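Since the model is a prediction, treat every value here as computed from it, not as a measurement. Just so we're on the same page: letters track the sequence lines, and every chain starts at 1.
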There are 2 protein chains.
Amino acid sequence: MTSAGPRPTSRDVARAAGVSQATVSLVLRDKWHGRVSPATVESVRAAARELGYRPNLAARSLRLGRTRTALLVVPALTNEFFARVHTGAARVAAEHDLGVVLYPSPEGVGPARDPFESARATLDGVIASSMAAHALSALREGGLPLVMLDSSPDDPAAAATVNPDLADGMRQTVAHLLGLGHRRIAHLTAGIDSWTFAGRARALDAALAATPHGGPDGGPPPTLVRTAAAELSVTGGLRAAARLLGSRPRPTALVCDDDLLAAGACKAARRLGLRVPEDVSVTGFDDLALATAVEPELTTVRLPAEEIGAAGMHALLAVLDGRQAPTPVLPVQLVPRGSSGPCAAS
Amino acid sequence: MTSAGPRPTSRDVARAAGVSQATVSLVLRDKWHGRVSPATVESVRAAARELGYRPNLAARSLRLGRTRTALLVVPALTNEFFARVHTGAARVAAEHDLGVVLYPSPEGVGPARDPFESARATLDGVIASSMAAHALSALREGGLPLVMLDSSPDDPAAAATVNPDLADGMRQTVAHLLGLGHRRIAHLTAGIDSWTFAGRARALDAALAATPHGGPDGGPPPTLVRTAAAELSVTGGLRAAARLLGSRPRPTALVCDDDLLAAGACKAARRLGLRVPEDVSVTGFDDLALATAVEPELTTVRLPAEEIGAAGMHALLAVLDGRQAPTPVLPVQLVPRGSSGPCAAS
DNA sequence: CCCCGCAGGTTATACGTAAAACTCATCAGC
DNA sequence: GCTGATGAGTTTTACGTATAACCTGCGGGG
């Protein structure tokens with residue numbers, strides 16, 4: 001740990017160990033088997049440790065033509081869901097000695113420049129959320145291994161896809177609400193044109209269509225109305241829910257595509273003098289920290305955000321290694337809380 | 001845009017433009033004044049555009065010994081505040097053609113490895129939140145330009161410091177509460193040993209001490225009790241607030257160090273049958289999205305998170321350019337909302 | 001007329017690493 | 001005693017860029 005002077009290079013280590021630079025390179029990357037004697041290996045390792053040697057990654061990247069760096073493209077980190085996706089992806093990356101660089105969209109508007117302009121390095125691969133629509137066309141043309149999160153499994157540009165089991169999430173939600181006696185159901189969507197939310201709408205439709213005629217207890221069949229929020233935020237949810245709750249007949253349950261929207265819906269209900277869940281039930285999606293901060297706490301579908309990020313990185317690593325990339329569908333779980341309850345007689 | 005084959009290099013551009021590689025380098029970095037004729041400049045630029053040339057950053061970094069990359073060290077991106085700090089820092093970095101790599105602490109526990117082990121590149125500088133205590137000692141020894149966020153201005157290791165005006169934030173909060181008639185004030189701190197929260201405690205003490213004896217309207221002087229939450233979360237706030245609200249005489253106002261804690265405090269109050277703000281007022285810090293999602297909405301001190309990140313990056317850029325680094329204190333603003341109200345006669 | 005200065009380039013080299021090609025003993029086998 | 005293989009390294013080169021040092025005409029001043 002003689003920490004004086006500039007960074008030591010592999011040549012410095014070589015000098016200290018009395019060997020050539022090539023030997024240092026071989027030893028430190030564990031490619032010495034059958035080429036270097038154990039004694040020499042030890043002395044090289046000791047010298048490296050002594051000098052506090054760290055390989056210069058710029059030089060390594062230049063030599064290898066690869067950077068061991070992945071680009072993660074998400075709409076915005078201020079969305080807790082994507083912050084958690086990043087957490088998971090970064091953890092797995094660190095375990096495999098990969099770097100992660102972020103390309104979040106600047107606050108919903110288009111990108112300042114294209115992702116490869118702003119990327120700090122030649123990239124080895126890309127993991128992108130389908131919500132980051134702004135960047136997708138550029139990514140497809142990048143010729144890089146691409147893993148899509150929350151996107152169609154048949155996307156031809158994607159080497160792999162990672163999805164939460166939205167269909168099951170909506171099934172659980174519908175079963176929960178029908179079981180509570182709800183028949184007039186409203187769907188509050190995010191009004192964002194992405195596979196993510198289109199998929200939720202389809203999943204909800206399918207779940208309702210799969211309901212035995214008249215619902216589990218033989219009542220009238222469920223009906224659905226749908227409204228899109230202007231933006232993915234509490235305020236957006238509030239405005240859209242106010243519209244829904246003003247319509248007649250009033251829905252008794254609101255299925256929201258996101259916890260932010262659900263929180264807004266609860267606020268809207270209260271402003272209209274409606275109690276949650278006595279007068280109207282509200283369910284969300286994601287299980288953000290928000291869900292247990294509001295009162296009543298939100299019944300919501302917990303999506304495994306970290307696992308999605310981690311699975312995305314695993315898939316990318318597989319592609320980079322030339323292995324067959326998995327295309328997992330991750331399980332989700334409805335978490336019943338206070339915002340949903342039995343349907344009051346209307 | 002002949003996009004076939006491997007990435008073009010500056011030598012390819014040189015060939016296409018009929019000049020030497022050195023000339024290409026000069027032209028594309030705008031260092032040609034007085035050394036290259038305007039006509040040649042144009043032909044080089046045209047060739048670069050035609051080939052879709054992008055400089056190889058690994059090679060550039062190797063040559064220059066600098067990477068134009070900054071490390072941002074924060075506790076966790078899932079904390080909305082730090083996600084916003086990152087947003088601001090990344091925006092400024094992009095404007096100056098700098099890269100940002102993140103080093104978030106893995107979920108509150110110590111780092112997997114030291115920051116320089118995991119950093120993807122030789123770094124030019126570091127911006128660190130004082131809450132990322134786990135990494136600080138390593139950072140100090142890194143010998144890199146260091147900008148501290150939310151930290152003591154006299155930190156000898158820091159080349160610059162960026163702080164929100166906590167003292168003013170607490171002054172505004174105290175003035176607000178005293179104006180509403182509150183005298184028994186409780187402080188709910190985060191129980192995290194960092195300058196951030198120690199500073200808030202000092203700022204609150206100072207604000208109370210500066211109060212004219214007996215408060216603005218001549219009533220009895222304000223009193224303060226203080227409790228630390230076990231963790232920086234809604235649940236942590238709930239537990240700690242339950243303790244505070246169970247004590248006699250019961251405080252009439254809770255000043256919380258963070259909106260998460262404040263949201264938890266509101267929940268605790270309601271569980272004890274207390275109304276917010278009629279029976280107890282609650283204020284927060286940060287103005288997270290959460291603050292307007294809960295009901296009542298939180299009175300809170302809005303911290304300019306993006307600006308903090310941006311100012312940190314500006315300071316780092318200044319240091320890297322050898323300029324005098326600014327050490328700004330950014331203004332904050334109390335946002336009065338529904339969680340604070342007049343003190344009911346006790 | 002010669003040398004200078006300058007515009008407008010070019011040549012050569014270094015950055016630190018990885019890896020292919022090469023060296024040089026030693027030793028087994030025939 | 002010579003061949004060939006093997007172990008244990010070394011030498012050399014390439015990756016793509018930035019920049020210092022070097023050329024080469026050409027017009028003007030002395």
Side-chain angles (χ1 to χ4, degrees), chain A residues 5-45 47-48 51-69 97 116 119-124, chain B residues 5-45 47-48 51-69 97 116 119-124:
Chain A
R7 269 181 146 231
T9 73
S10 59
R11 203 168 264 103
D12 296 328
V13 175
R15 240 189 307 272
V19 298
S20 73
Q21 179 267 331
T23 303
V24 173
S25 176
L26 288 173
V27 168
L28 295 181
R29 287 173 313 115
D30 270 331
K31 304 226 162 159
W32 56 273
H33 295 275
R35 333 221 340 98
V36 181
S37 73
T40 307
V41 167
E42 243 341 288
S43 76
V44 168
R45 289 206 177 122
L51 295 175
Y53 169 72
R54 303 226 175 282
N56 179 320
L57 296 173
R60 176 176 288 178
S61 296
L62 175 59
R63 180 67 235 253
L64 294 179
R66 291 171 292 120
T67 48
R68 291 198 71 72
T69 300
D97 201 34
F116 301 107
R120 286 314 300 160
T122 314
L123 300 164
D124 287 356
Chain B
R7 268 181 145 231
T9 72
S10 60
R11 204 170 263 101
D12 296 327
V13 175
R15 240 190 307 272
V19 299
S20 75
Q21 179 266 332
T23 305
V24 172
S25 177
L26 288 173
V27 167
L28 295 182
R29 286 172 316 111
D30 271 332
K31 303 226 163 159
W32 55 272
H33 296 273
R35 335 225 335 101
V36 181
S37 74
T40 307
V41 166
E42 245 339 290
S43 76
V44 168
R45 290 206 177 123
L51 294 176
Y53 169 73
R54 304 228 174 279
N56 180 320
L57 296 173
R60 177 175 288 178
S61 296
L62 176 58
R63 178 70 234 254
L64 295 178
R66 291 171 292 121
T67 48
R68 292 198 71 73
T69 299
D97 201 34
F116 301 106
R120 286 313 300 159
T122 314
L123 300 165
D124 287 355

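Atom C1' of nucleotide C/dT10 and atom CZ of B/Arg15 are separated by 16 Å, given to the nearest angstrom. Distance CH2 (B/Trp32) to P (D/dT19): 18 Å, rounded to an integer number of Å. The interatomic distance linking A/Arg66 (CZ) with C/dT17 (P) rounds to 16 Å, in whole Å. What separates CD of A/Gln21 from C1' of D/dG9 is a distance of 13 Å, to the nearest Å. Put simply, CZ on B/Arg35 is 9 Å from C1' on D/dT19, counting in whole angstrom units. Whole-Å rounding puts the B/Asp12 CG to D/dC15 P distance at 11 Å. Put simply, CZ on B/Arg54 is 17 Å from C1' on D/dT17, counting in whole angstrom units. Protein atom CG of B/Leu28 is 16 Å distant from nucleotide atom P of D/dG16, rounded to whole Å.
Rounded to the nearest 0.5 Å, atoms CZ (B/Arg15) and OG (B/Ser10) are 10.0 Å apart. The CZ atom of B/Arg66 lies 13.5 Å from the CG atom of B/Leu123; values are rounded to the nearest 0.5 Å.
Contact of the A/Leu62 side chain with the B/Asn56 side chain is registered, since non-hydrogen atoms from C-beta on lie closer than 4.5 Å.
Distances shorter than 4.0 Å separate some side-chain N or O of B/Ser20 from OP1 or OP2 on C/dT10. Using a 4.0 Å cut-off, no side-chain N or O of A/Thr40 falls inside it from OP1 or OP2 of D/dA8. For the OP1/OP2 pair of D/dT17 and a distance below 4.0 Å, the side-chain nitrogens and oxygens of B/Ser10 include at least one atom meeting the criterion. Between D/dT19 and B/Ser25, no contact under 4.0 Å exists linking OP1 or OP2 to a side-chain N or O. The side chain of A/Thr23 contributes no N or O atom lying less than 4.0 Å from OP1 or OP2 of D/dA8. Contact check, B/Ser61 against C/dC15: no side-chain N or O comes under 4.0 Å of OP1 or OP2.
Within the nucleic acid shown, B/Val24 has no heavy atom closer than 4.0 Å to any nucleic acid atom. A/Arg29 comes within 4.0 angstrom of the backbone, heavy atoms only, and of no base.
Test A/Val41, A/Val13, A/Thr40 against A/Val27 for side chain to side chain contact (heavy atoms under 4.5 Å, CB included) and you get one pass: A/Val41.
Checking D/dT19, D/dT17, C/dG8 against the side-chain heavy atoms of B/Ala59 singles out D/dT17 as nearest. Comparing atom distances between the A/Lys31 side chain and each of C/dA19, D/dG9, D/dG16 picks out C/dA19 as nearest. For B/Leu64, the listed nucleotide lying nearest its side chain is D/dT19; candidates were D/dT17, C/dG16, D/dT19.
If B/Val36 and B/Leu62 are placed on DNA chain C by their nearest nucleotide, the residue sitting closer to the 5' end is B/Val36.
Residues B/Thr23 and B/Ser20 have side chains that bring a donor and an acceptor to within less than 3.5 angstrom of each other.
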